[in-house]
Amino acid sequence: MKDPPPRTSHPVDGLIPAHGGYRKLKSFQVAQLCFDVTVRFCDRYVDKRDRTHDQMVQAARSGKQNIAEGSKASGTSKKTELKLTNVARASLEELRLDYEDYLRKRGLEQWSRQDSRRDELIAKRCATAEEVADWVRELHGRHGQNGHCGPSTKSTTSTKSTKSTRSTYRELAANAALVLIAVACSLLDRQIASLAAAFVENGGFTERLYRVRSHRRGHGSPR
């Protein structure tokens, strides 16, 4: 007669939960796109001798890297995951300010929240920096250098109105990056809220370890 199979403890199996699947996170995917777009933007429109060039690239890199590191750390520390995800969110906020400063210092237009171009880009669901660049080129060709859809026309209302509709590649590219950053930040806000709620509800590794030990003491060691 065969010996019965050894008993297993499900709490032990669940001591270190599945972790590290950051590539499947939508927040990571969009943050990585923000990084790729920023590298492309800075190489084209920001002088490499300008400290802003490296600062923007590093802020974008920090956004995606900290999401990945937090995901890998989540197996043994939900607290670390929450902290690093929050660092990622802060880095992208820094990057957002850099783009806004770029537009403001050069007298370029920053799209309002109601601008239809924001919704159009989001609906495109671009997966690569090249796809974003293609959309910017399409938008520039469709709108023309003097602004919105249709042929270029001189404004008969005011000089201020004419100036506000003048678009260039760098203006469109910076605004496109701001749209993607806004999407990434929104995703991270929800992710952080979810992580915080789960941590409050279930605790972290220490609490899981305590439950496993309690289970083992209650049922005895397997033989």
Side-chain angles (χ1 to χ4, degrees), residues 9-43 51-102 118 121-122 124-132 174 176-215:
S9 173
H10 293 293
V12 171
D13 295 338
L15 179 58
I16 301 179
H19 60 284
Y22 57 88
R23 294 186 187 277
K24 295 181 180 180
L25 289 173
K26 189 65 176 176
S27 60
F28 175 81
Q29 294 168 6
V30 180
Q32 182 169 256
L33 180 57
C34 289
F35 171 73
D36 293 342
V37 166
T38 296
V39 170
R40 186 186 184 102
F41 179 89
C42 289
D43 285 348
R51 289 181 58 192
T52 303
H53 184 288
D54 287 342
Q55 288 172 346
M56 290 180 69
V57 171
Q58 287 305 314
R61 181 181 183 276
S62 176
K64 74 180 184 72
Q65 291 297 109
N66 278 288
I67 296 172
E69 291 178 27
S71 177
K72 292 295 289 185
S74 67
T76 54
S77 179
K78 290 294 182 183
K79 184 177 180 180
T80 299
E81 180 186 23
L82 181 58
K83 177 182 178 181
L84 290 175
T85 304
N86 199 52
V87 170
R89 174 64 175 81
S91 295
L92 289 178
E93 187 65 30
E94 176 186 344
L95 181 62
R96 190 202 318 248
L97 291 174
D98 283 333
Y99 275 110
E100 290 177 352
D101 286 345
Y102 182 93
R118 292 170 56 91
L121 177 56
I122 293 171
K124 292 284 288 186
R125 297 185 179 276
C126 297
T128 67
E130 186 60 39
E131 290 179 6
V132 176
L178 281 169
V179 173
L180 297 174
I181 292 168
V183 172
C185 287
S186 178
L187 290 168
L188 284 172
D189 285 341
R190 293 201 294 267
Q191 187 173 331
I192 289 168
S194 177
L195 289 171
F199 185 76
V200 170
E201 180 70 21
N202 303 314
F205 181 78
T206 301
E207 288 80 6
R208 290 199 304 275
L209 181 59
Y210 174 78
R211 288 194 291 268
V212 168
R213 284 179 162 175
S214 297
H215 183 273

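Just the heavy atoms: all of them, side chains too, but no hydrogens, waters or symmetry mates, feed the values below.
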Do [X] and [Y] have side-chain heavy atoms sitting under 4.5 Å apart?
X: Tyr22; Y: Leu25; value: yes
X: Val132; Y: Asp36; value: no
X: Thr85; Y: Arg89; value: no
X: Met56; Y: Tyr99; value: yes
X: Arg40; Y: Asp43; value: no
X: Asn86; Y: Lys83; value: no

Rounded distance (nearest 0.5 Å) linking atom [atom1] of [X] with atom [atom2] of [Y]:
X: Gln55; Y: Glu94; atom1: CD; atom2: CD; answer: 7.0 Å
X: Cys185; Y: Leu180; atom1: SG; atom2: CG; answer: 11.0 Å
X: Arg61; Y: Leu95; atom1: CZ; atom2: CG; answer: 14.0 Å
X: Gln32; Y: Gln65; atom1: CD; atom2: CD; answer: 9.0 Å
X: Ile192; Y: Leu187; atom1: CD1; atom2: CG; answer: 11.0 Å

Which atom pair, heavy atoms only, marks the closest approach of [X] to [Y]?
X: Leu33; Y: Ala129; answer: CD1-N, 3.6 Å
X: Ser91; Y: Gly63; answer: CB-N, 3.8 Å
X: Ala31; Y: Ala184; answer: N-CB, 4.4 Å
X: His53; Y: Cys42; answer: CD2-O, 3.3 Å
X: Ser62; Y: Val87; answer: OG-CG1, 4.3 Å
X: Ala60; Y: Cys34; answer: CB-O, 4.4 Å

Check: Do the charged groups of Lys72 and Glu69 touch, with an N to O distance under 4.0 Å?
Finding: no
Next item on the list: Salt-bridge test for Arg125 and Glu131: reply yes if a basic N is under 4.0 Å from a carboxylate O, no otherwise.
Entry: no
Margin query: Val30 and side chain to side chain contact (heavy atoms under 4.5 Å, CB included): which single residue from Ile67, Leu92, Val183 fits?
Written below: Val183
